[in-house]
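All chains are named by letter (A, B, ...) in the order of the sequence lines, taking the proteins before the strands, and each is independently numbered beginning at 1.
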Amino acid sequence: MPLPPGRIRSPQSGSDPVDAIQDRVPALRRSLLAWWQLHGRHAIPWKLNPAGSPPAEGEPLDPYPIWVAEVMLQQTQLAVVLPYWHRWMATLTDLGALAAAREQEVLLLWQGLGYYARARRLHQGARLLWDRAQAGEGNPWPGDLEGWQALPGIGRSTAASILSSAYDRPAALLDGNALRVLARLTAHPLPPRRAHAGFWRLSESLLDRRRPRAFNQALMDLGATVCTPRSPACGACPWSRSCAAYAAGDPARYPVKDQPRPAPFEVIGVGVVLNASGQVLIDQRLQEGLLGGLWEFPGGKQEPGEPIEATIRRELQEELAIEVEVEEELVVVEHAYSHKRLRFVVHLCRWLSGDPRPLASQQVRWVMPADLDAYPFPAANARIIEALRRRLDADAPAGHRHPGESRAAA
DNA sequence: GAAACGTGGGA
DNA sequence: TTCCCAAGTTT
């Protein structure tokens with residue numbers, strides 16, 4: 001597709017990054033693909049055909065494993081995703097299995113990956129596609145960008161990545177890797193947030209429409225293995241001779257960053273409430289918002305000047321309508337989320353009265369500590385569970401400890 | 001358009 | 001220790 005003629009340069013938005021490289025596009029494509037042939041990552045499991053080989057140009061691949069992988073890869077590095085993806089594919093082997101799965105199972109497979117809305121939306125999308133395929137008895141998979149982007153949790157970049165990976169279709173992507181590479185190539189003066197459209201045009205212009213699958217993967221591989229965020233390996237880069245940031249002598253300065261906003265800090269009082277049967281009280285968080293759909297030990301934010309024991313008593317009263325005796329501290333867990341830092345001060349509590357009600361959660365449940373593994377918990381709560389098990393083991397009479405635990409300690 | 005949304009690894 | 005950051009999307 002030819003570029004529209006007579007584009008207007010806007011001084012305020014900086015120069016159009018497309019102009020900077022326009023005449024070098026063919027050479028850039030050639031050098032990138034030549035580099036990728038030798039140094040690219042060619043063994044990514046969802047990018048291989050059933051014979052275990054890299055697909056030929058235009059050879060279609062099963063979209064399901066690619067879809068799952070691409071959603072896991074949102075804001076998450078390949079090395080982190082790999083074990084999760086293998087475990088997922090061993091359990092939810094195809095679209096029908098995912099559509100039929102319970103959300104609890106889906107979240108358990110996602111536990112530890114973060115951004116849990118991704119898992120819920122993947123699940124929703126699977127049910128959507130599955131139902132549609134049953135009704136129309138056809139191929140469930142979207143065939144174009146719009147169709148993929150219509151699925152929950154799939155934006156422009158993920159849709160393009162899936163289409164080019166699965167069908168070798170010419171769809172430009174703009175993930176963190178591509179953005180960093182392109183910002184350096186052009187030494188773009190603005191934070192990517194404010195130059196978003198320009199970088200999309202640049203990605204579109206560069207894309208090799210004869211080999212989109214290879215080109216997109218090459219662009220991401222370059223960003224992930226050579227044009228890295230810190231200390232890029234410019235000596236190994238096929239684009240260094242065309243790179244404006246390299247020429248300027250400080251490639252790591254790009255992409256230009258916005259000033260990070262300091263993350264607020266809060267103290268959370270948490271109650272690990274035990275009843276006379278030795279069961280512990282957990283609740284399922286609301287579907288929307290932070291850690292939506294995951295389970296947790298109940299608690300809430302400490303108010304200014306409030307003793308933590310009072311916080312815990314108050315929160316359990318407000319959110320569960322129960323009365324507890326706050327006993328000794330179990331553990332203190334510090335945890336940084338993407339936009340806030342929390343300190344969980346966790347106390348053991350003795351249940352006194354009140355049938356727990358889910359006033360601020362989806363549901364509440366008394367469970368035996370040994371059964372907590374059946375529930376998806378966020379990372380900070382997983383550390384609370386560890387501390388609880390250590391405590392219960394220490395208190396248990398000899399001979400009644402968990403099987404592997406006493407042996408591991410010895 | 002800005003802010004919300006997780007986690008673990010590396011410097 | 002602390003900070004930065006990663007194959008983005010949604011509201």
Side-chain angles (χ1 to χ4, degrees), chain A residues 40-41 44-47 66-85 107 110-122 124-125 148-165 171-182 190-197 199-200 203 213 216-225 227-232 252 255 257-265 285-294 296 333-342 376-383:
Chain A
R41 300 179 290 185
I44 298 171
W46 50 88
K47 303 223 169 189
I66 294 173
W67 178 38
V68 172
E70 292 298 341
V71 174
M72 287 183 171
L73 284 163
Q74 289 169 359
Q75 296 287 282
T76 310
Q77 296 185 74
L78 176 62
V80 176
V81 164
L82 280 168
Y84 280 89
W85 181 85
L107 287 173
W110 206 272
Q111 179 174 27
L113 255 189
Y115 288 133
Y116 297 94
R118 293 182 297 171
R120 298 197 313 272
R121 291 173 182 148
L122 190 59
Q124 289 167 21
W148 279 102
Q149 276 191 252
L151 292 177
I154 305 297
R156 182 172 175 188
S157 194
T158 302
S161 197
I162 293 172
L163 267 178
S164 61
S165 289
L173 56 77
L174 188 61
D175 68 338
N177 287 312
L179 192 54
R180 186 171 56 255
V181 171
L182 300 182
L190 293 181
R193 232 188 194 65
R194 282 192 279 159
H196 207 59
F199 284 114
W200 271 108
S203 182
R213 172 154 56 200
N216 278 344
Q217 190 58 47
L219 187 57
M220 290 190 286
D221 284 0
L222 185 68
T225 66
C227 195
T228 52
R230 284 173 283 214
S231 18
K257 298 293 181 193
D258 287 308
Q259 199 72 29
R261 208 170 45 82
F265 175 80
R285 295 176 61 89
L286 297 176
Q287 204 67 358
E288 298 304 314
L290 186 68
L291 306 168
L294 274 70
E296 66 175 5
V333 173
E334 307 259 0
H335 194 83
Y337 296 93
S338 46
H339 57 301
K340 61 174 129 182
R341 297 183 307 115
L342 299 185
F377 282 91
N381 276 260
R383 293 175 58 192

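Among the nucleotides C:dA6, B:dG6, B:dA3, the one closest to any side-chain atom of A:Thr76 is B:dG6. Comparing C:dT9, B:dG6, C:dA6 by their closest approach to the side chain of A:Arg180 singles out C:dA6.
Residue A:Ser157 has no polar side-chain atom (N or O) positioned under 4.0 Å from OP1 or OP2 of C:dT9. Taking side-chain N and O atoms only, A:Arg118 has no distance below 4.0 Å to OP1 or OP2 of C:dT10. Between A:Arg285 and the phosphate of B:dG6, there is no side-chain N or O to OP1/OP2 separation shorter than 4.0 Å. For B:dA4, the OP1/OP2 oxygens have no side-chain nitrogen or oxygen of A:Tyr115 closer than 4.0 Å. For the OP1/OP2 pair of B:dC5 and a distance below 4.0 Å, the side-chain nitrogens and oxygens of A:His339 include at least one atom meeting the criterion.
Here A:Arg193 lies in heavy-atom contact (under 4.0 Å) with a base. Within the 4.0 angstrom heavy-atom criterion, base atoms lie near A:Ile44. Counting non-hydrogen atoms under 4.0 angstrom, A:Leu291 reaches the backbone sugars and phosphates but no base. Counting any heavy atom pair closer than 4.0 Å across all strands shown, A:Gly223 reaches no nucleic acid atom. Among the protein residues, A:Thr158 comes within range of the sugar-phosphate backbone only, with heavy atoms under 4.0 Å from sugar or phosphate atoms but none that close to a base. A:Leu113 comes within 4.0 angstrom of a base, heavy atoms only.
Here C:dG8 presents its P atom at 12 Å from CG of A:Leu78, a figure rounded to the nearest Å. Nucleotide C:dT10 holds its C1' atom 16 Å from the CG atom of A:Leu122, rounded to whole Å. The distance from atom CG of A:Leu151 to atom C1' of C:dG8 is 15 Å, rounded to the nearest whole Å. The distance from atom CD of A:Gln217 to atom C1' of C:dA7 is 9 Å, rounded to the nearest whole Å. Rounded to whole Å, the distance from CD on A:Gln74 to C1' on B:dG6 is 13 Å. A:Gln259 places its CD atom 13 Å from the P atom of B:dA3, with the value rounded to the nearest Å. The distance from atom NZ of A:Lys340 to atom P of B:dA4 is 8 Å, rounded to the nearest whole Å. Straight-line distance from the CG atom of A:Leu82 to the C1' atom of C:dA7: 12 Å, rounded to whole Å.
With no hydrogens or angles considered, a side-chain donor-acceptor pair links A:Ser164 and A:Asn216 at under 3.5 Å. With no hydrogens or angles considered, no side-chain donor-acceptor pair links A:Arg180 and A:Thr228 at under 3.5 Å.
A:Leu173 and A:Ala178 get closest at one heavy-atom pair: CD1-CB, 4.1 Å. A:Leu107 and A:Ala119 get closest at one heavy-atom pair: CD2-CB, 4.1 Å. A:Ala252 approaches A:Pro229 most closely through the heavy-atom pair CB-O, 4.2 Å. Between A:Asn177 and A:Ala224 the shortest heavy-atom distance is OD1-N, 3.4 Å.
One P atom belongs to B:dA3, the other to C:dA7, and the distance between them is 23 Å to the nearest Å. Annotation: C:dT11 and B:dG6 have their P atoms spaced 13 Å apart (nearest Å).
A:Arg213 contributes no side-chain N or O that, together with a main-chain N or O of A:Ser161, makes up a donor-acceptor pair within less than 3.5 Å.
The base of C:dA7 sits with one of its N or O atoms less than 3.5 Å from a complementary donor or acceptor on the side chain of A:Arg41.
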Between the protein and nucleotides 8-10 of chain B, which nitrogen or oxygen pairs are less than 3.5 angstrom apart?
none

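When each of A:Leu73 and A:Glu288 is assigned the nucleotide of DNA chain C with its nearest heavy atom, A:Leu73 is the one assigned upstream, toward the 5' end.
At least one side-chain heavy atom of A:Arg41 sits under 4.5 Å from a side-chain heavy atom of A:Gln217.
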From CA spacing to verdict: side chain to side chain donor-acceptor pair (under 3.5 Å), A:Gln74, A:Thr158: CA-CA 8 Å; A:Gln74 289 169 359; A:Thr158 302; 3.0 Å; yes

